[in-house]
Amino acid sequence: MRRFAIPERPDWRKKAEAYGFPFHSAGGNVYWDESVAWSFTLAEIEDGIEAPTAELEQMCLAFVEEALKSSATMTKLGVPEAFHGYVRDSWSRGDRNLYGRLDLAYDGSGPAKLLEYNADTPTSLFEASVFQWSWLEDQIAAGALPRHADQFNSLHERLVQAFHELRNGERFVLHLAAVEDSVEDRATVAYLADCARQAGHQTRELTMAEIGVTADGQFTGIDDDPIGALFKLYPWEWLFAEDFAQHLQRSRTQFIEPPWKTLLSTKALLPLLWEMAPNHPNLLEARFADDPRAAALQDRVEKPVHSREGANIRIIRAAQEAQATEGIYNGPMVAQALAQTASFDGGHAIIGSWLVASQPAGIGIREDKGLVTRDSARFVPHVIEG
Amino acid sequence: MKRSEYIAIGAVGLLAVAAFWPRNVTSVGGSMEEAIAPDAQAFSTVEECRMTAGMTAEACERAFAAAQQAAVANAPRFDNQTSCEAQYGAGQCRSSTWNGASVFVPAVIGMLVARSMMNADQPRGQPLYPPRTGPANCPQGASTPGQPECASQTRSSGGAGAVASSGRSYSTGGGTTVSRAPGPDARVRVDARPRTSTATTSSGTVARSGFGSTGSSVSSGT
């Protein structure tokens with residue numbers, strides 16, 4: 001696994017614009033960076049990333065099975081008691097999940113370690129699935145990469161297939177909702193809508209606030225059309241806290257991601273997974289912050305159970321605070337042993353390892369200057385050589 | 001090649017998923033297909049199952065228990081008995097509790113078993129409910145041509161044992177009407193696809209903006 005400089009495609013900005021890919025971050029920084037790339041061997045990809053990703057997912061599914069049996073555990077995972085039955089039903093019914101992203105610390109020298117699981121509302125999807133792929137094709141065509149160069153990335157095909165299989169091949173109308181103000185979120189939704197159409201479904205996009213409800217508790221779209229299936233780029237922990245949550249159980253709307261995914265998309269998962277599989281090679285020791293064993297971790301990261309974009313994170317080295325980020329999130333915290341991430345001069349990289357319908361589907365790499373991957377991170381493409 | 005491979009999707013819970021979610025009123029090309037496996041069999045009792053399904057009594061019991069257990073989650077749920085009976089007929093509904101709320105659901109009158117879709121150790125039974133008929137157009141005991149769900153109710157005295165309910169009609173949680181084809185093997189015939197999306201008929205939207213308040217100013221993505 002190595003990082004190397006490579007000439008940028010002269011026309012990549014034009015291509016990004018043609019795709020409607022917002023390649024600047026909200027802060028105005030360039031988010032897509034193809035002046036460098038990461039190179040892997042096939043063994044690093046297959047044995048170092050793909051196999052552990054599959055194993056971690058199986059572990060997580062086994063965890064869900066166990067967690068659902070205990071109301072105390074579900075509460076720890078942030079599910080309000082009123083929705084325990086709703087979440088359980090979504091699992092026992094076999095509600096399909098679409099996608100998720102495991103963030104892994106991996107530098108090619110030891111086993112990949114799970115940093116966290118973005119199981120409910122992962123973004124950075126389009127750049128991993130499509131723009132990274134077109135980068136490889138273009139660079140091979142331009143002779144900048146060898147003809148045998150490959151990439152761990154079957155995201156697009158798998159997404160289309162997973163949409164096709166959501167209801168066992170039946171075609172349906174899929175509503176997709178995101179918050180109005182986030183360009184990035186709306187781009188993710190637009191891309192997923194495209195995948196759903198390729199799978200044969202009709203799609204209707206709307207904002208979360210535009211969702212309506214009828215007197216008998218049926219969710220509706222903009223034209224009063226019933227919402228039978230809803231992809232929501234909106235976390236369950238927020239949905240559960242809002243006004244329309246009272247209609248969820250009666251609505252008979254199929255949610256994607258399904259309610260049971262909420263059990264995995266919290267950092268409270270990390271100490272509970274460690275309890276279930278202590279010393280598993282792909283896990284880092286993790287404890288709830290109020291557990292006395294948390295302080296025994298000399299080098300650790302403390303993060304809120306629910307936070308996004310690297311906010312409110314403290315890094316402690318040799319029991320001293322080394323770095324802290326600001327943010328708006330509070331509530332319970334977890335402490336996790338500090339991982340060794342792939343580093344280069346002036347920064348580090350983490351591997352976003354994608355799952356589609358619970359199967360490993362590819363990776364996207366994000367680099368940032370500090371140890372915390374924030375919204376200032378840059379997305380860097382990868383290639384498999386040899 | 002790591003960027004395009006054979007794509008396999010697990011087949012777990014196929015039947016349950018397909019049956020639970022309401023059909024869309026406006027599905028593509030007007031085709032609203034609920035997946036009913038070609039080898040699906042319908043039974044009204046454990047005894048029928050045991051006699052015709054080639055399953056042990058224990059497996060039949062487990063499948064029935066699974067169907068009963070799935071019933072409240074799977075069934076169309078109603079706020080009151082009247083609206084439930086309007087769909088399923090007088091005396092066909094029972095009260096139940098759904099996540100703490102009091103609801104009415106159609107009674108389970110049988111189960112659907114598809115051996116091609118189940119694990120031999122854990123046969124899955126899908127609950128079957130009375131056929132969905134308006135009380136006015138399908139009176140008890142009436143035989144109405146063109147409405148197999150009505151007609152079949154009068155044909156339940158054909159024989160003994162397993163054959164007794166040959167021709168009997170049921171509806172699935174997804175609203176598809178099925179009946180048992182004549183003959184001893186209890187195979188299912190699909191009679192009618194659902195006309196509306198769900199039991200909860202959609203009236204006008206009465207409120208919006210009940211979602212989205214938490215995330216109005218931040219990205220929801222991770």
Side-chain angles (χ1 to χ4, degrees), chain A residues 45 85-86 89 93-96 118 121-123 133 150-154 157-158 161-162 165 167-168 170-173 179 181-182 184-185 188 200 202 207-218 220 224 226 228 233-235 238-239 241-244 249-250 252 254 308-309 357 384, chain B residues 1-5 7-10 12-18 20-29 31-35 69-70 72-74 76-77 79 98-101 103 197-222:
Chain A
I45 290 290
Y86 181 64
D89 288 336
R93 211 162 44 218
D95 286 7
R96 297 235 170 132
N118 299 292
T121 60
T123 51
W133 186 90
D150 200 358
Q151 193 171 73
F152 180 27
N153 179 13
S154 56
E157 284 177 3
R158 285 176 188 265
Q161 184 68 21
E165 297 291 335
R167 288 191 188 170
N168 196 20
E170 177 208 342
R171 292 173 174 190
F172 55 90
V173 178
V179 294
D181 300 335
S182 170
E184 188 197 0
D185 289 3
T188 301
Q202 290 181 27
T207 67
M208 289 302 299
E210 282 171 340
I211 294 170
V213 68
T214 63
D216 51 13
Q218 169 79 52
T220 56
D224 279 10
L233 193 62
Y234 200 79
W238 292 359
L239 287 169
E242 296 184 352
D243 283 354
F244 279 7
Q249 290 157 0
R250 223 162 46 118
R252 288 176 69 83
Q254 177 182 13
R308 328 194 92 75
E309 313 273 353
I384 307 171
Chain B
M1 184 109 141
K2 299 301 287 183
R3 59 186 197 277
S4 66
E5 285 188 322
I7 293 167
I9 305 281
V12 182
L14 282 184
L15 193 59
V17 173
F20 178 75
W21 296 111
R23 307 309 96 187
N24 280 286
V25 183
T26 47
S27 78
V28 179
S31 74
M32 296 185 285
E33 294 289 304
E34 178 171 20
Q69 206 175 5
V72 178
N74 171 287
R77 296 181 292 274
D79 288 344
W98 170 250
N99 288 314
V103 293
S197 62
T198 79
T200 51
T201 48
S202 186
S203 51
T205 300
V206 293
R208 293 195 193 274
S209 302
F211 284 137
S213 55
T214 322
S216 57
S217 57
V218 271
S219 165
S220 315
T222 52

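Naming convention: chains lettered A, B, ... in sequence-line order (proteins, then strands); numbering from 1 in each chain. Predicted, not measured: the structure shown is a model, and the values here were computed from it.
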| said: Show, in sequence, the C-alpha distance, side-chain angles and deciding distance for Thr205(B) and Thr220(A), and conclude whether the side chain to side chain donor-acceptor pair (under 3.5 Å) test is met. | reply: CA-CA 7 Å; Thr205(B) 300; Thr220(A) 56; 2.7 Å; yes
| field | Worked check of side chain to side chain donor-acceptor pair (under 3.5 Å) between Gln254(A) and Arg96(A) | value | CA-CA 9 Å; Gln254(A) 177 182 13; Arg96(A) 297 235 170 132; over 6 Å; no
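Residue Ile384(A) touches chain B through its side chain alone, counting heavy-atom pairs closer than 4.5 Å.
By the 4.5 Å heavy-atom criterion applied to side chains, Tyr234(A) and Thr214(B) are counted as neighbours.
The residue among Leu239(A), Thr121(A), Thr188(A) with the most heavy atom pairs within less than 4.5 Å of chain B is Thr121(A). Most heavy-atom pairs under 4.5 Å with chain B: of the set Pro235(A), Gly212(A), Gly217(A), Ala241(A), this distinction falls to Gly212(A).
There is a side-chain donor-acceptor pair under 3.5 Å between Gln161(A) and Glu165(A).
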